[in-house]
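Bear in mind the structure is a predicted one, so any value in this text is a computation, not a measurement. Each chain gets a letter, A, B and so on, in the order its sequence line appears, and its residues count up from 1.
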2 protein chains.
Amino acid sequence: MVKMDDRKKKVLAAIIHDYIQTAEPVGSRTISRKYKLGVSPATIRNEMADLEELGLIEQPHTSAGRVPSDLGYRYYVDHLMEPEKLTPSEEELIKRSYEDKSQEIGKLIVRTGQLLSRLTNYTSMVMGPKRGRVAAIKHIQLVSMTPTKAMVIVVLDTGSVHHQLIDVAENITQADLDQVSKILNAKLSGLNMKRIKMTILSEIYLELAKYKSFMDAALELLQDHRGYDTEDKIYLVGVYNILNQPEFHNIEKLKTLLSLLEQEKLLHEILVDKQSEGLTVRIGVENSCDQIKDCTMVTATYQIDDQIIGSIGVLGPTRMEYAKVITIVDHMAKVLNKTLEEMKRWR
Amino acid sequence: MVKMDDRKKKVLAAIIHDYIQTAEPVGSRTISRKYKLGVSPATIRNEMADLEELGLIEQPHTSAGRVPSDLGYRYYVDHLMEPEKLTPSEEELIKRSYEDKSQEIGKLIVRTGQLLSRLTNYTSMVMGPKRGRVAAIKHIQLVSMTPTKAMVIVVLDTGSVHHQLIDVAENITQADLDQVSKILNAKLSGLNMKRIKMTILSEIYLELAKYKSFMDAALELLQDHRGYDTEDKIYLVGVYNILNQPEFHNIEKLKTLLSLLEQEKLLHEILVDKQSEGLTVRIGVENSCDQIKDCTMVTATYQIDDQIIGSIGVLGPTRMEYAKVITIVDHMAKVLNKTLEEMKRWR
DNA sequence: TCTTAGCACTCGATGCGGTAGAGTGCTAAC
DNA sequence: GTTAGCACTCTACCGCATCGAGTGCTAAGA
């Protein structure tokens, strides 16, 4: 049985570095010349044969150089890689992006996605925050728009605002609506969405019998839980960055990947696949989804009060700049968590 | 000088039909066999030579068949094409999509984009409604979120709702906020955004001197005109449909096009380029933008009270199914206009 | 005068053999 | 254990011949 020794590690690291840069199979000669291990190509070749036996590298065909296997990348990430530091300008950019504090949580997440994509040059995927608890109603307001239309506005304590137009009878005035708003607020304000059960609703019905005609529509908005959740929403930024990866210059591969990215359900599975707190790197076949078998996903969770409420991630080819991407994702998750912590008070 | 006669028209139409279907240059033999004009390939060849002289068709190289030129498509669209009727299932689909009446105008536009893309299998571009007039304030509401944060909500008479979190002093209560809301509503309700000038603002400042601390932030939201406009926002649907077009199996072309589609400003120019009321077809070089010189755009405007407030359109290769696409875009614009007319009352 | 069969011609696509070059594995010497 | 040397393998590339689709032209026929 072959064992990894120090030189093998160096050779593997060299192969991976070179391949990440060039996307071309790496030969023994290249390594000997570019990476000064102080040994001849022949020695490198022996080491390479061992590394291949270990399953860490592969040959596309005889007389081609070697290419890292998924397992090789895995070994690299786990044992060899030295995380790259952020450049001052990168740090600066991140800092500036989070400066504006009076943000809605959703916007924060979107901005994170944009940053991830911009810094890594890959595609970023971020998942909107899942409520650690169910959102509670802060305020309800009805506004008359035209004689027959009114706007229902619901403010949640998470800082999100929802609105919908409803039809109302011709003779309803803004005064009526104010009256209804008042009652709704008295009854519902502070309650979380799950606790708005039929009992309370029928109570309201009773009290507002004369407005029955439009209460149905108004309450429908309240009941529509899904409408309040950004939980399932996944934001993609920089999808077209994959066009810069030579491995996707093949239209068929491109189609497969892009059609995957259109399906939010699958994205969701990919993003939370085997998710545990902190940073996760899933390389090639480690992904459960077939369509990204030659991609790597670097994801991290973000949380509030130790409860995971969402994920951010970067999707790229297995030939990914691991040292850079991992640092960035990790750092962004930390910054995001810190920012969320500061915003926590009003959630 | 060669003149178009009936048979030339038939030959041109045949070439275009065949090319739209196959994306391959069309030969004289194919036309004679498939399109039963009752003449031999040799005759067709003579006609083709004439059509080429007229600039309506081109030869990629000697010994290849003919391909329609932009001019050829133009002639086809102007003189030869018979608009294709919508199938019952298509009509049904469109009808169902617009059934839900109590819609916000923005959602209506997005839905239109989705339909366009789905029905045509090309990329759709729709532009959000430009206000015929400046939006007016319908209602302002301040809601206390935490001891130090409040939500400003502004409802416009166009049916859009805007909100933003602001910082407030620790000792401000919801009652205070209600008081401020009341005054703001009294002063500003019904005014359009342009008319909120310094005079009115300073009046408010005077009256609400004791809340001065946070009025700045609240009024900033009111002043931020751009925030209220969806005018410049362009929705793209079905971008990946272009992958199905053989003309874009070339990565470089694809990159050029996709990078164009990422630039909203350019999109805006493309969509309203030489825009006049009604349906417009811009074929290949007729587009002012270089990057879509081998694309065709079919656009239509939508209006309220004879004022153009936006555009919808489809982007595809010049080898486009004109008869189908033109019918669909035209029909969708009409349906959209009709729906907007019905919604008009509350705008 | 218009149509068409026939034919020579053009040019891209395809396939094949040969070559160059990159890279390997193995062996034998250091 | 390392390395120089060498035979071997396989891809990429080039040139060449061939095939076939499609043309333009010409001359005969309607």
Side-chain angles (χ1 to χ4, degrees), chain A residues 2-12 14-16 18-19 21-69 72 246 249-250, chain B residues 1-12 14-16 18-19 21-69 72 246-247 249-250:
Chain A
V2 194
K3 276 286 256 180
M4 283 301 275
D5 57 27
D6 203 54
R7 196 170 61 194
K8 284 198 200 359
K9 289 180 186 173
K10 278 186 183 153
V11 172
L12 178 59
I15 292 173
I16 290 180
D18 209 76
Y19 188 65
Q21 272 183 27
T22 62
E24 297 289 333
V26 189
S28 54
R29 195 185 160 75
T30 314
I31 292 180
S32 160
R33 233 184 315 157
K34 269 171 62 179
Y35 293 85
K36 335 210 156 164
L37 299 190
V39 289
S40 76
T43 310
I44 305 280
R45 280 204 287 283
N46 288 328
E47 300 289 31
M48 283 164 110
D50 291 349
L51 288 172
E52 187 161 2
E53 198 181 322
L54 286 166
L56 300 177
I57 56 178
E58 300 169 339
Q59 244 180 326
H61 56 86
T62 351
S63 98
R66 301 308 212 289
V67 162
S69 67
H249 277 22
N250 171 326
Chain B
M1 183 57 192
V2 194
K3 275 287 254 179
M4 284 300 275
D5 58 26
D6 203 53
R7 195 171 60 194
K8 283 197 202 355
K9 289 180 186 174
K10 277 186 184 154
V11 171
L12 178 59
I15 292 173
I16 291 181
D18 209 75
Y19 188 66
Q21 272 183 27
T22 63
E24 297 289 334
V26 188
S28 54
R29 195 185 160 76
T30 312
I31 292 181
S32 160
R33 232 184 316 155
K34 269 171 61 177
Y35 294 87
K36 334 210 155 164
L37 301 190
V39 290
S40 76
T43 310
I44 305 280
R45 279 204 288 282
N46 288 327
E47 299 290 30
M48 282 163 107
D50 291 348
L51 288 172
E52 188 161 359
E53 197 181 323
L54 286 167
L56 300 177
I57 57 178
E58 299 169 339
Q59 243 179 326
H61 55 85
T62 353
S63 97
R66 300 310 212 289
V67 162
S69 68
E247 29 270 275
H249 277 22
N250 172 326

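At distances below 3.5 Å, not a single donor-acceptor pair connects side-chain atoms of A:Ser32 with backbone N or O atoms of A:Ser28.
Atom NE2 in B:His61 sits about 12 Å away from atom C1' in D:dG20, given to the nearest Å. Across the protein-nucleic acid pair, A:Ile57 atom CD1 and C:dG23 atom C1' stand 13 Å apart, rounded to whole Å. Remark: P of C:dT4 and CD of B:Glu47 are 11 Å apart, rounded to the nearest angstrom.
Taking CE from A:Met48 and CZ from A:Arg66, the interatomic distance works out to 5.0 Å, rounded to the nearest 0.5 Å.
Taking both residues in full, the closest heavy atoms of B:Ala14 and B:Ile31 are given as CB-CG2, 4.1 Å, listed atom of the first, atom of the second, then distance.
In this structure, the side chain to side chain donor-acceptor pair (under 3.5 Å) partners of B:Lys8, at least two apart in sequence or on a different chain, are B:Glu47, B:Asp50. By the side chain to side chain donor-acceptor pair (under 3.5 Å) test, B:Tyr19 pairs with no residue at all, sequence neighbours left out.
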Exercise. Which parts of nucleotides 22-30 of chain D does protein reach within less than 4.0 Å, heavy atoms only, written one letter per nucleotide 5' to 3' as B for base, S for sugar-phosphate only and - for none?
Worked result: SBB------
